[in-house]
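Everything quoted here is computed from the prediction, not taken from an experiment. Per chain, numbering begins at 1; letters A, B, ... match sequence-line order.
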2 protein chains.
Amino acid sequence: MKLSTKGRYSVTAMLDLAIHDKAGPVTLGDISQCQGISLSYLEQLFSSLRKAGLVKGVRGPGGGYRLAQPASEISIAQIVRAVDEKVDVTNCNGEGDCQGGERCLTHELWTDLSDRLYEFLDGITLAQFVDRPGIPELSMERDKSIGRFMLARKQAEAINRGRV
Amino acid sequence: MKLSTKGRYSVTAMLDLAIHDKAGPVTLGDISQCQGISLSYLEQLFSSLRKAGLVKGVRGPGGGYRLAQPASEISIAQIVRAVDEKVDVTNCNGEGDCQGGERCLTHELWTDLSDRLYEFLDGITLAQFVDRPGIPELSMERDKSIGRFMLARKQAEAINRGRV
DNA sequence: AAATACTTGACTATTTTACTAGGTAATAGG
DNA sequence: CCTATTACCTAGTAAAATAGTCAAGTATTT
């Protein structure tokens, strides 16, 4: 288990998607502005997320990304795993024979710990964060005041198009 | 919360200390050989661990490092925290005013998650790993067969000195 | 005095992270 | 059909963090 900025960016971006899921796709440009990360870097991350089946892209105007599954079925562990690909914990090159044929005990213990961590993070879903009391209102307030979020923007656009 | 090889090395090294705690100090040279990390790099990590009050060094012949506290009182979180110093999650430079005065909601959510992770890792102590059935025997067997561990070495030395 | 072990700081190599720039493909709206 | 908007893809590259080295110490114990 590894946990770097890459994982953090991905999780926060996914949270953004989850928060605005009902309002339609979120563009990477929006996330890029919010989180202060470059667009292309986000594209790299979302490429991984898409390949992992966690998000799906919607092309064209009004497009962006949405969750590929309900927020209640996407765990933090899945996200972390998608972008921070496997670390080879054992310097014995995976085959468990570091130091002359014996698997290093502490490596085994670390693997145990790593498993436990994943288990823990597998129990936490995006929905658990988004569905908390207070979050939806907060997010909407934020959207309004900053004026650059999908929810607000899409609504405005929809109104302009006479859809609402 | 960040989790890199630095943290992993430290945790596995601490596990080594915990396993051999009763047998006396463990030298960094031994750990270096076992884990395949350079001695000086370990010295850096142990400098942090010592400053965090997790280990204490014993100088002179037969010296090395031992746990500064009982294994049951050292949590994984403490170790990770000691070497992977604080990450500034918010790119708003800690003051919570990213993007024009409003704290980015997703950053807050990430902080929550991070806290939960630390809580989780604070609940796991070195002792929980070391005291598991099967571990002491395994470790001793390993020591014997590799023939370079403190437990074996110290015992041999003690015998040579007529102490046992 | 010698061996052993820890300390410190400066230095280098490697990897990861992050960004830049160039595109192509699909789609919605006019 | 045309244009703007977005996803998507590829390659290169700059910056930063990580990982590791080297060398010259200091402190203890035998």
Side-chain angles (χ1 to χ4, degrees), chain A residues 2-10 13 17 24-33 35-52 54-66 68 83-89 91 150 153-154 157-163, chain B residues 2-10 12-13 17 24-33 35-51 55-66 68 80 83-88 91 150 153-154 157-158 160-163:
Chain A
K2 203 172 83 180
L3 200 50
S4 61
T5 50
K6 222 165 164 176
R8 194 175 77 225
Y9 286 156
S10 303
L17 256 58
V26 178
T27 72
L28 292 191
D30 284 340
I31 299 178
S32 164
Q33 277 184 39
Q35 315 239 3
I37 324 166
S38 84
L39 181 62
S40 299
Y41 192 44
L42 273 173
E43 280 173 349
Q44 284 178 36
L45 300 180
F46 270 77
S47 169
S48 301
L49 294 173
R50 194 174 54 84
K51 279 165 191 161
L54 299 178
V55 300
K56 57 186 173 194
V58 181
R59 296 188 182 194
Y65 279 100
R66 354 190 31 163
V83 293
D84 278 331
E85 60 270 12
K86 59 160 193 315
V87 215
D88 206 358
V89 168
N91 5 15
M150 244 22 216
R153 256 189 50 191
K154 292 289 157 192
E157 283 169 13
I159 291 168
N160 289 343
R161 285 190 225 108
R163 280 209 197 144
Chain B
K2 206 170 81 178
L3 198 51
S4 62
T5 50
K6 221 165 165 175
R8 195 175 76 223
Y9 285 157
S10 303
T12 49
L17 256 56
V26 179
T27 73
L28 293 191
D30 285 338
I31 299 178
S32 164
Q33 277 185 40
Q35 316 238 3
I37 324 166
S38 86
L39 180 62
S40 300
Y41 194 43
L42 273 173
E43 281 170 349
Q44 284 178 37
L45 300 179
F46 270 77
S47 168
S48 300
L49 293 172
R50 194 177 54 83
K51 279 165 192 161
V55 299
K56 56 186 173 192
V58 180
R59 298 188 180 193
Y65 277 100
R66 6 188 20 166
V80 171
V83 293
D84 278 332
E85 60 270 13
K86 60 162 194 312
V87 214
D88 206 0
N91 6 16
M150 245 22 217
R153 255 187 51 191
K154 292 289 156 193
E157 283 169 14
N160 288 343
R161 286 192 224 106
R163 279 207 199 148

**Message:** Angle between the two end axes of the helix from C:dA1-D:dT30 to C:dG30-D:dC1, five base pairs per end, rounded to 10 degrees?
**Reply:** 30°
**Request:** Verify side-chain hydrogen bond (donor to acceptor under 3.5 Å, both in side chains) between A:Ser47 and A:Lys51, making sure each step is shown before the conclusion.
**Result:** CA-CA 6 Å; A:Ser47 169; A:Lys51 279 165 191 161; 3.2 Å; yes
**Request:** Whole angstrom is fine here: how far is it from CG in A:Leu42 over to P in D:dC9?
**Result:** 15 Å
**Item:** Among D:dT6, D:dG20, C:dC19, the one nearest A:Ser38 by side-chain distance
**Value:** C:dC19
**Asked** Atom CZ of A:Arg59 and atom C1' of C:dT27: how far apart are they, to the nearest Å?
**Response** 9 Å
**Prompt:** Roughly, in whole Å, what's the span from CG in A:Leu49 to C1' in D:dC9?
**Reply:** 16 Å
**Fill in**
CD of A:Gln35 to CZ of A:Arg8, rounded to nearest 0.5 Å, is 9.0 Å
**Message:** Please find the pair of heavy atoms, one from A:Leu17 and one from A:Arg66, that lie closest to each other, and give the distance.
**Reply:** CD2-C, 3.9 Å
**Asked** A:Tyr9 vs A:Tyr41 aromatic rings, parallel, tilted or perpendicular, using cut-offs 30° and 60°?
**Response** perpendicular
**Asked** What pair of heavy atoms forms the shortest contact from B:Asp30 to B:Val26, and how long is it?
**Response** CB-CG1, 4.3 Å
**Fill in**
Judged by nearest nucleotide, the residue sitting upstream toward the 5' end of DNA chain C, A:Gly60 or A:Lys6, is A:Lys6
**Prompt:** How does protein reach along nucleotides 8-13 of chain C, written 5' to 3' as B (base within reach of a heavy atom under 4.0 Å), S (only sugar-phosphate), or - (no contact)?
**Reply:** B-----
**Asked** When all nucleic acid strands are considered with a 4.0 Å heavy-atom cut-off, which category describes B:Tyr65: base, sugar-phosphate, or nothing?
**Response** sugar-phosphate
**Prompt:** So, do B:Leu42 and B:Tyr65 sit near enough that their side-chain heavy atoms are less than 4.5 Å apart?
**Reply:** no
**Prompt:** Given atom CG of B:Leu39 and atom P of D:dA23, what is their separation to the nearest angstrom?
**Reply:** 14 Å
**Fill in**
Taking every heavy atom of A:Lys2 against every heavy atom of A:Asp84, the minimum-distance pair comes out as O-OD2, 3.6 Å
**Item:** Spacing between B:Tyr41 atom OH and D:dG20 atom P, to the nearest angstrom
**Value:** 6 Å
**Request:** Using a cut-off of strictly less than 4.0 Å, decide whether B:Lys2 has a side-chain nitrogen or oxygen near OP1 or OP2 of D:dT18.
**Result:** yes
**Request:** With heavy atoms under 4.0 Å as the rule, sort A:Leu28 into base, sugar-phosphate or nothing.
**Result:** sugar-phosphate
**Asked** Shortest non-hydrogen contact from A:Val83 to A:Ser10?
**Response** CG1-OG, 3.3 Å
**Message:** Please confirm whether the shortest side-chain N or O distance from B:Tyr9 to OP1 or OP2 of D:dG20 is below 4.0 Å.
**Reply:** yes
**Prompt:** Can you name the closest pair of heavy atoms from B:Ile37 and B:Ser32 and give their distance?
**Reply:** O-OG, 2.6 Å
**Request:** Round to the nearest Å and state the distance from B:Leu3 atom CG to D:dA17 atom P.
**Result:** 18 Å
**Asked** Expressed in angstrom and rounded to an integer, what is the separation of A:Leu17 atom CG from D:dA7 atom P?
**Response** 10 Å
**Message:** Taking any heavy-atom pair under 4.0 Å as a contact, classify B:Gly64: base, sugar-phosphate, or nothing.
**Reply:** sugar-phosphate
**Fill in**
Nearest heavy-atom approach of B:Glu43 to B:Leu28 is CG-CD1, 3.6 Å
**Request:** Write down the distance between CG (A:Leu45) and P (C:dA18), rounded to a whole number of angstrom.
**Result:** 8 Å
